[in-house]
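Here's the structure we're looking at; comments come further down.
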Amino acid sequence: EVQLQASGGGLVQAGGSLTLSCAASRFIHDDYAIGWFRQAPGKEREGVSCINSGDGITSYADSVKGRFTVSYDNAKNMVSLQIDSLKPEDTAVYYCAAHSVLRPSWCALEDHEYDFWGQGTLVTVSS
């Protein structure tokens, strides 16, 4: 089991940047894929990015490609999500989640694939 804590949210102007962090309670290298999800008010939760902690493969939702960058710091057991060119429609609570029993070259943007969830961090983008 792993516990996750997302942080780094805040109020940002459109066009700005933000880095979200997901800290894991234990060593996750080679054991987990980490996904980032968001849920805007009145909308369903959507997957925006994921990373395989073993081989580093990543995936992004079409809506965020080119603006979001996910990365993994093995030494810190932390996954970061760099968000650039923020848009008002990026406003949401962002969550990180972990999928155990890691498969090579796999990560997913479907929330049902993930076993462990952290508390969210709110990102608000003003126009």
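Hydrogens, waters and symmetry mates are skipped; everything else that's a heavy atom, side chains included, is used.
Scanning both residues, Arg26 and Val2, for their nearest heavy atoms gives CG-CG2, 3.6 Å. Contact record, Asp90 with Val125: CB-CG2, 4.2 Å, taken as the closest heavy-atom pair. Considering all non-hydrogen atoms of both residues, Arg45 and Gln39 come closest at N-NE2, 3.9 Å. Between Cys50 and Ala108, the closest heavy-atom pair is SG-N, 3.4 Å. The two residues Leu18 and Gly10 have their closest heavy-atom pair at CD2-N, 4.1 Å. Nearest heavy atom pair, residue Ala14 against residue Ser127, reads CB-CA, 4.3 Å.
By the 4.5 Å heavy-atom criterion applied to side chains, Ser59 and Leu109 are counted as neighbours. In this structure, Ile83 and Tyr94 have side chains that are in contact, with non-hydrogen atoms separated by less than 4.5 Å. With contacts defined as side-chain heavy-atom distances shorter than 4.5 Å, the pair Ile34/Tyr114 does not qualify. Looking at Cys96 and Val79, their side chains never come closer than 4.5 Å, going by heavy atoms from C-beta outward. Val64 places a side-chain heavy atom less than 4.5 Å from the side chain of Arg38. The shortest side-chain heavy-atom distance between Tyr60 and Val70 falls under the 4.5 Å cut-off. Side-chain contact check for Glu46 versus Ser63: some heavy-atom pair is nearer than 4.5 Å. Side-chain contact between Ile51 and Cys107: absent, with no pair of heavy atoms (C-beta onward) separated by less than 4.5 Å.
The local environment of CD in Gln3 is sparse, with at most 12 non-hydrogen atoms from other residues, nucleotides or ligands closer than 6.0 Å. Other residues, nucleotides and ligands contribute at most 12 non-hydrogen atoms within 6.0 Å of the CD atom of Gln119.
Distance OG/Ser53 to CG/Asp73: 12.5 Å, rounded to 0.5 Å. The line from OG1 of Thr91 to CG of Leu86 is 8.0 Å long, rounded to the nearest 0.5 Å. Here the OG-CD distance, from Ser25 to Gln5, works out to 11.0 Å after rounding to the nearest 0.5 Å. Between Leu81 atom CG and Thr121 atom OG1 the span is 11.0 Å, to the nearest 0.5 Å.
A donor-acceptor pair is defined here as one N or O able to donate and one able to accept, closer than 3.5 Å; such a pair exists between the side chain of His99 and the backbone of Glu113. Side chain of Asn52 to backbone of Pro104: no donor-acceptor contact under 3.5 angstrom is found. A distance-only check finds a donor-acceptor pair linking the side chain of Tyr72 to the backbone of His29 [under 3.5 Å].
In this structure, the ring of Phe68 has its center no less than 6.0 angstrom from the ring center of Trp36.
Transitive grouping of hydrophobic side chains (ILVMFWY, heavy atoms separated by less than 4.5 Å) brings Val123 and Val12 into a common cluster. When hydrophobic clusters are built by joining Ile, Leu, Val, Met, Phe, Trp and Tyr residues whose side-chain heavy atoms come closer than 4.5 Å, directly or via intermediates, Val48 is grouped together with Leu20.
Between the side chains of Thr19 and Gln82, at least one donor N or O sits under 3.5 Å from an acceptor N or O.
In this structure, Tyr32 and Phe116 have perpendicular ring planes: the angle between them is above 60°, well past the 30° mark. Ring geometry for Phe37 against Trp117 counts as tilted: the plane angle lies between 30° and 60°, on a 0 to 90° scale.
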